[in-house]
Amino acid sequence: MSNNNQNRRQFIKTTGKAGVAIAAFPILSKMSPNSFLNTNDYMQQPLPYGYAALEPNIDAMTMEIHYTKHAAAYAKNLADACVAEKVDTNATGLTDLLKNISHYSPKMRNNAGGHYNHELFWQLMKPAPSIAPSGALAEAITKTFGSFDAFKTTFGDAAKARFGSGWAWLLVKSDGSLAVSSTPNQDNPLMDIAETKGNPIIGLDVWEHAYYLKYQNKRPDYINAWWNLVNWELVQKKYTEAITKK
Ligand code: MN
């Protein structure tokens, strides 16, 4: 193949992809694909894998409804709340908004949390990841919880014990230590109203919409299956960032 042909094919491939992205995400120009959760990340980002990619642990229909209906609604309602409450999304980072969430409406709290939590949740899963963390994160988990298995038990218990809808978290507190917590509804550890505050490095959605089609009332089975999807490379990266900026 000549270079010209190759360039043309590359051009078609690139613009073709952009065309799809523009149709799905109208404010593409504001997206920065390489800066996840930066100051302007108020928009729903493309899912980093297909709806069926996490099968059999999470089924395709759950992923599609979760992403296109539930999470999309949080992003839209967040945009509406920002207009209504005069938040300049170019000047106020989403994490800064969350850290001051007590100054905003319940609608802002639910949807800013809902948007942030889901964007994190998608990124923190991947098909066929490594089965455990390594390096400094692995050491910190062992030091804090006794062992990796003991951490999984502690985290799983927090996720199972969350009554109704909410999330389980592994977070880095302001002193750099690790903690497990859970929050109701769409709250998260960044929020100034959170009981246990810090930077979340793992978040698990335990709303029924995240698992009901496949697991019905069996939340523990969903939690056990979700461990097969944890993107430990990203968790490690987020841990390093959190202890560096503490
Ligand atoms: Mn959800």
[atom2] on [Y] to [atom1] on [X], rounded to 0.5 Å:
X	Y	atom1	atom2	result
E241	L234	CD	CG	8.0 Å
L78	M43	CG	CE	10.0 Å
H115	D41	NE2	CG	6.5 Å
I223	K152	CD1	NZ	12.0 Å
L124	E233	CG	CD	11.5 Å
I101	N188	CD1	CG	8.5 Å

Practice task
Please report the C-alpha distance between N117 and L120 in whole Å, then the side-chain angles of each, then the deciding distance to 0.1 Å, and finally whether the side chain to side chain contact (heavy atoms under 4.5 Å, CB included) criterion is met.
Solution key: CA-CA 5 Å; N117 295 349; L120 184 64; 5.8 Å; no
Practice task
Would you sort out whether Y49 and M63 count as a side chain to side chain contact (heavy atoms under 4.5 Å, CB included), showing the intermediate values?
Solution key: CA-CA 10 Å; Y49 36 71; M63 283 303 297; 3.8 Å; yes
Could you tell me if the ring centre of [X] sits under 6.0 Å from that of [Y]?
X	Y	value
W226	F155	yes
W167	F121	yes
H66	W122	yes

Give a yes or no answer on whether the side chain of [X] reaches the backbone of [Y] with a donor-acceptor pair at less than 3.5 Å.
X	Y	value
N231	P129	no
E119	Q45	yes
E85	S105	yes
D221	Y215	no
S177	K173	no
E195	S181	no
E55	A60	yes

Practice task
Have a look at W169 and tell me which of N199, T183, D187 forms a side-chain hydrogen bond (donor to acceptor under 3.5 Å, both in side chains) with it.
Solution key: T183
Practice task
Would you check, one step at a time, whether the test side chain to side chain contact (heavy atoms under 4.5 Å, CB included) holds for V87 with M108?
Solution key: CA-CA 10 Å; V87 171; M108 185 72 88; 3.7 Å; yes
Problem - Crowding at NZ, K76 (>12 non-hydrogen neighbours, <6.0 Å) - result: no
Exercise for the section: Taking atom NZ of K107 as the centre, report whether more than 12 heavy atoms of other residues, nucleotides or ligands fall under 6.0 Å from it. Expected result: yes
Of the non-hydrogen atoms in [X] and [Y], which two are nearest, and what is the gap between them?
X	Y	value
A132	Q236	O-OE1, 4.5 Å
D192	K197	O-NZ, 3.4 Å
A158	A168	C-CB, 4.5 Å
Y116	P200	OH-CG, 3.8 Å
K214	P56	CE-O, 2.8 Å

Sub-4.5 Å side-chain heavy-atom contact between [X] and [Y]:
X	Y	answer
L137	I201	yes
H118	Q186	yes
N100	T92	no
P133	V235	no
P127	L54	yes
L178	L171	no
T62	Y51	no
W227	N57	no

Handout entry: Check: R219/Y211 side-chain N/O donor and acceptor closer than 3.5 Å
Key = yes
Handout entry: D149 and S147: side chain donor to acceptor below 3.5 Å
Key = no
Are [Y] and [X] co-members of a hydrophobic cluster defined by side-chain heavy atoms under 4.5 Å apart?
X	Y	value
Y67	M125	yes
L47	W207	yes
L229	I141	yes
I193	L98	yes

Handout entry: Pair N185-R109, side chain to side chain contact (heavy atoms under 4.5 Å, CB included): steps then yes or no
Key = CA-CA 10 Å; N185 304 315; R109 174 173 167 179; over 6 Å; no
Exercise for the section: Using the six-membered ring wherever Trp is involved, compare the ring planes of W232 and F148 and label them parallel, tilted or perpendicular (cut-offs 30° and 60°). Expected result: perpendicular
